[in-house]
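Just so you know, these numbers use all the heavy atoms, side chains as well, and skip hydrogens, waters and symmetry mates. Remember, predicted model here, so these are calculated numbers, not experimental data.
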Amino acid sequence: MLTTINEMILPMILRYLTNTGIENPEALSIQVILLISGLYLILKVVDIIANYYMNNIGHVMGAMIETDMRRDAFNHLQNLSDSFYNKTKVGQIMSRITNDLFDVTEFAHHCPEEYFIGFIKIVVSFIILININIPLTLIIYFMIPIMIFSASKINRRVRKTFRKQRNHIGDINASIEDTLLGVRVVKSFANEDYEIARFQEENDEFLDIKRDTYKNLSMFHSVTRIFDGLMYVTVILFGGIFMVNGSILPGDLVAYVLFVTTLLNTVRRIVEFTENFHKGMTGIERFVELMDTDIDIFDSEDAKELTDVKGHILFDNVSFKYDSSDDYVLKDIDIEIKPGENIALVGPSGGGKTTISNLIPRFYDVTEGAISIDGTDIRDLQIKSLRSNIGMVQQDVYLFSGTVYENIAYGKPGASLEDVIAAAKLAGADEFIDKLPEGYDTYVGERGLRLSGGQKQRISIARVFLKNPPILILDEATSALDNKSERLIQNSLEELAKGRTTLTIAHRLSTIMDANRIIVLTEDGIQEMGTHDELLKSDGLYANLYKRSFGDMNE
């Protein structure tokens with residue numbers, strides 16, 4: 001407000017000096033001019049201080065809003081279920097919480113500022129000018145709504161193209177991420193040219209969208225420049241006629257020109273801000289879309305904490321499908337796992353073995369039936385306490401970009417180095433870790449690329465040892481390893497499973513022969529259940545799988 005008032009006082013000072021100089025020059029003494037100059041100098045100092053405050057504090061405020069929005073988006077992403085990530089590109093998510101929110105900083109600061117300044121200038125200018133000459137003021141202000149209406153029609157097209165631009169940059173990010181994470185596969189198939197051509201196609205499409213954006217922006221700027229010229233022509237034409245007729249003084253015409261210049265500068269600033277406005281609004285819209293994504297898996301109002309876990313797991317007539325339109329992956333499954341029991345799930349692909357392992361920690365909720373732990377439906381348990389009591393070792397090991405220590409300590413944030421070393425020894429990982437260049441401080445690379453498959457798997461097992469959960473889920477933890485690594489990992493897994501309720505999903509039957517019970521699962525549900533010896537004697541599906549598996553090994 002202070003900077004705006006200062007800007008609007010200058011035309012009034014020049015109007016006074018011009019009219020007084022023409023009509024009553026003797027009234028303009030040196031003292032009066034010094035007084036006016038001193039007053040304007042004081043106002044200018046106030047303007048400089050106010051402008052500094054506005055730019056500094058305003059931008060910091062915008063950055064704080066951006067920071068809060070990014071925090072809220074990230075927190076919300078942590079609570080979204082696996083089904084959201086199954087159908088959403090990570091590049092799109094990254095674009096929403098980085099690029100989109102960068103523009104919110106400028107938007108949050110300049111949007112209220114520019115419109116507030118514009119409102120003051122339009123209203124105050126109208127009040128001043130209407131008292132100088134009513135017809136000329138009405139002519140000028142009649143053009144402003146026409147200008148706003150014309151510009152707003154183009155504005156809608158600009159907004160649409162900015163949204164397309166944001167969506168497409170997310171696709172480009174996803175494409176880059178996909179190619180770079182799979183760069184070894186790309187090189188192994190000598191498909192560099194294919195990836196370059198695919199990326200160029202995306203890049204060219206983005207260029208076409210930006211061309212459309214800048215075409216609409218240029219039209220927007222052209223419309224405002226047309227009205228710039230019309231307003232100046234109006235002031236010169238009608239102002240000149242009114243001055244010849246004596247209904248307006250020369251100083252008044254000077255004031256009109258300066259006020260029109262002020263108004264046009266305001267419109268130009270809003271026009272220049274229009275691009276930031278649309279970017280910011282698009283960023284906010286995409287942020288709201290993300291925040292409006294429903295959280296499928298959440299704590300019930302009276303959810304209880306899971307404590308003193310015995311490890312009794314019961315599947316009671318459980319059925320599951322991923323979406324309402326999909327076929328059932330599991331149908332009427334009944335399984336009881338007693339405390340400390342080691343149960344193995346085997347069978348052909350597509351039978352739902354991994355789905356069962358994902359249902360226990362509530363990565364998905366059952367469609368029908370119920371799963372209970374120690375007699376309590378898992379939907380009545382706090383998710384954090386449920387998952388804190390479950391340890392998972394999966395075939396596809398994910399290591400974070402960091403050190404060996406940081407990746408093992410992830411199982412128990414804040415764990416001491418001694419605890420991490422003890423967990424690594426239990427997992428049989430200390431032997432190779434000690435040989436690494438910097439031991440536990442060795443950087444493992446993106447997704448652990450600097451380590452072998454067996455080394456990554458042993459670190460993931462050490463992570464679970466450190467967590468020390470009463471329930472353990474092993475999802476084909478050794479199927480991607482060579483025989484030597486498999487033997488090492490299998491010894492670690494057997495040590496890890498001692499005293500815990502364990503569910504093992506196995507591809508290699510040699511790893512589950514000592515399980516308390518083996519469940520054979522197919523697309524038609526549970527086909528067989530029993531010990532290794534019992535299932536071999538029954539000469540059913542398990543026996544055929546066993547013979548085929550060990551027949552292949554003998555060959």
Side-chain angles (χ1 to χ4, degrees), residues 78-88 293-307 309-339 341-395 469-476 500-506 517-529:
Q78 298 303 304
N79 293 315
L80 294 177
S81 65
D82 281 18
S83 58
F84 169 78
Y85 294 99
N86 289 342
K87 56 190 178 186
T88 308
T293 304
D294 289 333
I295 298 174
D296 299 328
I297 311 295
F298 52 86
D299 287 336
S300 60
E301 289 184 7
D302 55 350
K304 298 182 293 186
E305 185 177 0
L306 180 60
T307 56
V309 181
K310 303 294 188 296
H312 181 265
I313 304 173
L314 180 66
F315 282 71
D316 184 12
N317 203 33
V318 169
S319 297
F320 175 77
K321 54 183 176 181
Y322 285 97
D323 288 304
S324 57
S325 59
D326 293 342
D327 294 330
Y328 280 95
V329 179
L330 299 172
K331 188 68 177 173
D332 303 327
I333 299 297
D334 291 299
I335 302 174
E336 181 180 8
I337 307 175
K338 296 175 182 178
E341 194 174 18
N342 186 348
I343 297 294
L345 288 177
V346 300
S349 298
K353 301 186 296 296
T354 296
T355 301
I356 286 178
S357 72
N358 287 332
L359 291 176
I360 296 174
R362 281 193 75 194
F363 294 151
Y364 302 94
D365 268 338
V366 297
T367 306
E368 298 165 15
I371 301 173
S372 63
I373 293 180
D374 294 346
T376 303
D377 192 319
I378 60 174
R379 289 170 292 193
D380 296 328
L381 296 171
Q382 294 174 3
I383 295 172
K384 185 172 183 178
S385 70
L386 170 66
R387 294 174 182 171
S388 295
N389 285 286
I390 298 173
M392 298 189 73
V393 181
Q394 298 171 307
Q395 174 186 350
I471 298 172
L472 183 63
I473 298 174
L474 308 176
D475 188 358
E476 301 198 19
R500 308 176 201 271
T501 300
T502 305
L503 179 67
T504 304
I505 297 169
R517 271 185 300 151
I518 299 171
I519 298 173
V520 182
L521 194 66
T522 69
E523 293 180 359
D524 298 321
I526 297 174
Q527 298 299 304
E528 297 175 329
M529 186 184 302

Check whether [X] reaches the backbone of [Y] with its side chain - one donor and one acceptor, N or O, closer than 3.5 Å.
{"X": "Arg379", "Y": "Ser300", "value": "no"}
{"X": "Lys353", "Y": "Gly347", "value": "yes"}
{"X": "Thr522", "Y": "Gly351", "value": "no"}
{"X": "Asp377", "Y": "Ser372", "value": "no"}
{"X": "Ser319", "Y": "Glu368", "value": "no"}
{"X": "Thr504", "Y": "Ala506", "value": "no"}
{"X": "Asp374", "Y": "Gly311", "value": "yes"}

Compare every heavy atom of [Y] with every heavy atom of [X], then report the nearest pair and how far apart it is.
{"X": "Met392", "Y": "Phe363", "answer": "SD-CE1, 3.5 Å"}
{"X": "Leu80", "Y": "Asp294", "answer": "CD2-O, 3.6 Å"}
{"X": "Lys321", "Y": "Tyr328", "answer": "CB-CA, 3.9 Å"}
{"X": "Ser385", "Y": "Lys304", "answer": "OG-O, 4.0 Å"}
{"X": "Pro339", "Y": "Lys310", "answer": "CB-O, 3.3 Å"}

Counterpart residues, salt bridge (charged side-chain N to carboxylate O under 4.0 Å, His left out), relative to Glu341 (two or more places apart)
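Listed in chain order: Arg517.
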Are [X] and [Y] packed together at the side-chain level, in the sense that at least one heavy-atom pair is separated by less than 4.5 angstrom?
{"X": "Leu503", "Y": "Ile356", "result": "yes"}
{"X": "Leu306", "Y": "Thr376", "result": "no"}
{"X": "Ser357", "Y": "Leu345", "result": "no"}
{"X": "Phe315", "Y": "Leu330", "result": "no"}
{"X": "Glu305", "Y": "Lys384", "result": "no"}
{"X": "Asn389", "Y": "Ile373", "result": "no"}
{"X": "Val346", "Y": "Leu521", "result": "no"}
{"X": "Ile343", "Y": "Ile519", "result": "yes"}

As an exercise, state the distance from [atom1] of [X] to [atom2] of [Y], rounded to the nearest 0.5 Å.
{"X": "Leu386", "Y": "Asp299", "atom1": "CG", "atom2": "CG", "result": "9.5 Å"}
{"X": "His312", "Y": "Thr501", "atom1": "NE2", "atom2": "OG1", "result": "9.0 Å"}
{"X": "Ile526", "Y": "Asp332", "atom1": "CD1", "atom2": "CG", "result": "10.0 Å"}
{"X": "Asp365", "Y": "Ile378", "atom1": "CG", "atom2": "CD1", "result": "7.0 Å"}
{"X": "Thr354", "Y": "Ile505", "atom1": "OG1", "atom2": "CD1", "result": "4.5 Å"}

Can you tell me if Glu523 has over 12 outside heavy atoms packed within less than 6.0 Å of its CD?
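12 or below, so no.
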Does CZ in Phe298 sit with more than 12 non-hydrogen atoms of other residues, nucleotides or ligands closer than 6.0 Å?
no
Sequence neighbours excluded, which residues qualify as ring pair (Phe, Tyr, Trp, His ring centres under 6.0 Å) partners of Tyr364?
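Counting only residues at least two positions away or on another chain, Tyr364 forms a ring pair (Phe, Tyr, Trp, His ring centres under 6.0 Å) with Phe320, Tyr322.
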Using the rule side chain to side chain contact (heavy atoms under 4.5 Å, CB included), only one of Ile297, Ile295, Asp296 pairs with Asn79; which is it?
Ile295
Kindly indicate, with the supporting measurements, whether the criterion side chain to side chain contact (heavy atoms under 4.5 Å, CB included) is fulfilled by Asp334 and Asp316.
CA-CA 5 Å; Asp334 291 299; Asp316 184 12; 3.8 Å; yes
